[in-house]
Every structure is written in structure tokens, then in C-alpha cells.
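Below you'll find the structure, written out as C-alpha cells, and then a few comments.
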Amino acid sequence: MTSVHGRLLPFRQPNEVPTYAIKDTEPLVPKVVVKSVTDGGSPAVGPDLEAVELRSIYPNLEENTSLLGQALALLESAISHLREALAKRAASEFVEADDELLHVRVKLRKLFALRQLGNGFAALVNALYFCIANESDEPFEEAQLRLLLRNLTQLSRQPFPSFEEALSSIEALEEIGFQVEPSILELLVP
């Protein structure tokens, strides 16, 4: 620690964890907060790690104007509509479920406008959008809706996926029967 005019300033060497002393108490070391998500979609927290939900960092998403704040608010809304679609489908209310999916589709278009958040974010949002946009006349299967929900939830917890992580999620969407690219591409590319 370095003292300037009686105030303690943090000073650290390269590769050293910064410490801050307050009067004569023990030094406080900033806690490392890490959150990863397992395949099941639940947070995986190690013995010395604490999980922090992004909502606790951005409590007023509705008023947040940052790109990340806007994305999180849109993701939260899309997840809510998708859960409603699942509930409506379970109640055999297919028209109402489809209506909820239209709301999700609108949110995904708005999310794609925030593609500056990263290539992985843009690729996954684009694929999720076309999953719904290329919808056939048949209602989605429950497993398909659950996979959409899992991807949106994962994106809300980890809004900066790498491009490789996004491709892995996109492959899973294709495997379950979604068309993740614009249908016009089939006409353009033989």
C-alpha cells in the first residue's frame, strides 16, 4: 500500500491481487465472482465461488440504456413469453401458444439489432429467430420449445458466448429439427 496525504491507495505488482486496507483492520481482498452454467442450465458454483445473477447487477433493466441492459431486458421478456407458450401448448391452446411465439420473434429481431455484443450473441440470436420464423404449419413440439427456452435462458445468463459455443447451440437446434437459416437460402444455393 502506498500512502498519499494520509490516504491509502492501492498499489500492486504485476500478477498481484489488489488489496485495500481500511484503518488498522485486515486487508480486504476483492472476491472473485464466477458463474458458469452446466448443461442442465443451473449455475455451477465451486466451494469458494459465489454466483451472481445479472439481474442483481442490473436491477432496473427497464430503465437501462446500455446495450447489455437492453439485451437483458429483451431476453427476460422473450423468456417470459416462451414460458407462456409452453404453458399454452400444454393446455392444447395452440393458437395462443403461437401468439406468444410471435412476441418472442419480435424480441429476437430487436435482440439481433444489438449484435454489437459479440459474434456468438449475434449468431445464436439469428438462429433462434429463424427457428421461429421458418415455422411450418404444425405447432412446435414441446422438446423444441424447451430447447428454445434453454438457449434463451443460457444467453441471459451468459450474454457473451464465444462463436464456437454459439455454433454448438445452433447444431443442437438443427438436430432437433429447426431450420436455423433463412428459407430463401435453399432457393439461392443448389
Heavy-atom check, side chain of Leu145 versus side chain of Leu101, under 4.5 Å: yes
For the OG atom of Ser156 and the CG atom of Leu72, what is their distance to the nearest 0.5 Å? 7.5 Å
When every non-hydrogen atom of Gly120 is compared with those of Ala166, the smallest separation belongs to O-CB, 3.3 Å
For the residue pair Leu74 and Leu114, establish whether any side-chain heavy-atom pair is separated by less than 4.5 Å. yes
Rounded to the nearest 0.5 Å, how far does CD of Gln158 lie from OG1 of Thr153? 13.0 Å
Could you name each residue pair satisfying ring pair (Phe, Tyr, Trp, His ring centres under 6.0 Å) that touches residues 97-150, not counting sequence neighbours? His81-His103, Phe140-Phe178
Rounded at 0.5 Å granularity, tell me how far CG in Asn151 sits from OG in Ser169. 4.5 Å
Taking every non-hydrogen atom, the tightest pair across Asn134 and Glu181: ND2-O, 2.7 Å
Ser66 and Gly69: which non-hydrogen atoms are nearest, and at how many Å? OG-N, 2.9 Å
Given the rule that I, L, V, M, F, W and Y join up when any side-chain heavy atoms are under 4.5 Å apart, are Val106 and Leu124 in one cluster? no
So Leu82 and Glu100, do their side chains get closer than 4.5 Å, heavy atoms only? no
For Ala85 and Ala97, work out which heavy atoms get closest and say how close. O-CB, 3.5 Å
Pairs satisfying side-chain hydrogen bond (donor to acceptor under 3.5 Å, both in side chains), at least one member in residues 110-124, at least two apart: none
Kindly indicate whether the side chain of Leu148, heavy atoms from C-beta on, has any atom under 4.5 Å from the side chain of Leu173. yes
Shortest non-hydrogen contact from Ile170 to Ala127? CG1-CB, 3.6 Å
Applying the 4.5 Å side-chain criterion to the ILVMFWY set and letting contacts propagate, would Leu102 and Leu111 be lumped into a single cluster? no
Between Gln154 and Glu165: side-chain donor-acceptor atoms closer than 3.5 Å: no
Leu152 side chain near Leu108 side chain, heavy-atom distance below 4.5 Å: yes
Straight-line distance of Leu86 CG to Gln144 CD, nearest 0.5 Å: 11.0 Å
Just verifying a value: how many Å separate Leu117 CG and Leu67 CG, rounded to the nearest 0.5 Å? 5.5 Å
Got a sec, which pairs hit salt bridge (Lys or Arg N to Asp or Glu O under 4.0 Å) with one end in residues 78-88, sequence neighbours left out? Lys88-Glu93
When every non-hydrogen atom of Pro159 is compared with those of Leu68, the smallest separation belongs to CG-CD1, 3.7 Å
Hydrophobic clustering (ILVMFWY, side-chain heavy atoms < 4.5 Å, transitive) - are Phe94 and Val104 grouped together? no
Separation of Glu76 CD from Lys107 NZ (nearest 0.5 Å): 11.0 Å
